[in-house]
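First comes the structure, then the notes that go with it.
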Amino acid sequence: MDAETLPYALDLVAGSGVCLSPEKRTALRTSLLLVRRDYRFEQVRLWGRIQGTRGAYYVAEGLGPDRAGPRSRLYSLNCVDWSLLPPPAEEMIPMTAGLKGRFQGDPSYEYENYDKKEEGEKPYEEETGALVKEELRLVITVDQIDKAVGIVPRGAYIKTPLGPVHENRSFEGLSLTEAKKLSSYFHFTEPVNLKNKTLLEKADLDPSIDFLDSLEHDIPKGSWSIQVERGGRIVVLRSLLWPGLTFYHVPNTKQHGYIYFGTGEKNIDLPFML
């Protein structure tokens with residue numbers, strides 16, 4: 001959610017339980033605009049909040065000219081003071097893969113790391129002795145959620161011939177009919193399914209717009225809930241795989257965005273619930 005329109009955007013997703021006090025809304029908007037100025041970002045967005053047992057992490061993203069390029073992420077414990085998170089790296093994933101349960105809300109909290117091993121036919125966990133800070137777990141969790149369920153409407157972004165992705169100035173929003181289809185929304189991350197399509201399947205695609213993976217092929221099927229609210233004035237998508245992720249779009253306008261308000265835990269039982 002763009003810091004400029006934060007109060008208005010939060011009202012649109014209030015039906016999903018995304019509620020903040022007027023004081024926190026004001027503090028977030030003011031502090032994020034200062035973050036944009038101090039770090040010289042082109043745009044700053046409120047990514048969401050991960051609720052821990054003893055506190056909450058408010059997470060923001062800073063973007064440059066290439067909207068699909070690397071993003072700088074920051075977190076705050078009080079909606080005023082922000083700290084940069086280290087960029088996610090491949091070697092961090094195995095370090096945090098075995099961490100389960102709720103976040104604590106303390107970035108300096110240390111988890112005991114366990115490795116899964118097998119002796120005969122009996123699997124067991126062995127403590128490696130390495131301690132993993134919660135800040136590191138926060139980095140990987142935010143990155144995983146963003147890659148799995150961070151979405152945009154079709155046509156909202158355009159890919160230039162040289163590669164960078166920019167906001168499409170001619171995008172005027174999806175019609176209500178199109179907004180109710182999963183195929184009208186894309187994952188805003190490096191495509192996977194698109195690369196596996198045949199030339200015949202790509203023939204009807206516009207390479208400047210259809211350069212991302214569509215939600216209609218997500219696994220498991222049924223992992224998204226689409227609802228039309230406020231008499232057809234807003235379309236809301238909710239992720240059942242990562243409960244707490246809410247996307248909104250006002251049909252026939254440029255207004256869209258998503259926010260995550262949850263515990264940072266994936267619903268691994270979803271395939272058995274559908």
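Keep in mind that the numbers below use all heavy atoms, side chains included, and drop hydrogens, waters and symmetry copies.
Phe186 and Ile209 make their closest contact through CE1-O, 3.6 Å (heavy atoms, listed as atom of the first residue, atom of the second, distance). Between Leu77 and Gly105, the shortest heavy-atom contact is CD2-O, 4.0 Å.
Residues Val44 and Leu74 form no side-chain contact, since every pair of their non-hydrogen atoms from C-beta on lies 4.5 Å or further apart. Considering only heavy atoms from C-beta on, Gln255 stays 4.5 Å or farther from Ile234 through its side chain.
Legend: ring-ring contact (aromatic ring centres under 6.0 Å, His included) pairs involving residues 236-270, not counting sequence neighbours, sorted by first then second residue: Trp47-Tyr260, Tyr185-Phe247.
In this structure, Ile219 shares a hydrophobic cluster with no other residue, the cluster being traced through Ile, Leu, Val, Met, Phe, Trp and Tyr side chains under 4.5 angstrom apart. Residues near Met273 contribute nothing to a hydrophobic cluster around it, because no ILVMFWY side-chain heavy atom sits closer than 4.5 Å to its side chain.
Using a 4.5 Å cut-off between side-chain heavy atoms of Ile, Leu, Val, Met, Phe, Trp and Tyr, with links allowed through other members, Val236 and Leu245 fall into different hydrophobic clusters. Tracing side-chain contacts under 4.5 Å through hydrophobic residues (I, L, V, M, F, W, Y), one reaches Tyr58 starting from Val13; they form part of the same cluster. Cluster annotation: Leu215 is not connected to Phe188 through the hydrophobic network of ILVMFWY side chains, with a link wherever side-chain heavy atoms come within less than 4.5 Å.
Under the 3.5 Å distance criterion, the side-chain polar atoms of Gln104 are left unmatched by any main-chain donor or acceptor of Glu134. Of the possible polar contacts, none joining the Lys147 side chain to the Glu190 backbone as a donor-acceptor pair under 3.5 Å is found. Between the side chain of Ser31 and the main chain of Leu28, a donor-acceptor pair closer than 3.5 Å is present.
Looking at Glu42 and Arg36, no side-chain N of the basic residue comes within less than 4.0 Å of a carboxylate O on the acidic one, giving no salt bridge.
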For residues 155-162, which side-chain donor-acceptor pairs fall under 3.5 Å, sequence neighbours excluded?
unit_1, atom_1, unit_2, atom_2, d
Tyr157, OH, Arg45, NH2, 2.7
Thr160, OG1, Pro164, O, 2.9

Which side-chain N or O atoms in residues 170-177 pair as donor and acceptor under 3.5 Å with protein atoms at least two apart or in another chain?
unit_1, atom_1, unit_2, atom_2, d
Ser170, OG, Asn168, OD1, 2.8
Ser175, OG, Glu178, N, 3.3

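Residues meeting the side chain to side chain donor-acceptor pair (under 3.5 Å) test with Tyr109, sequence neighbours left out: none.
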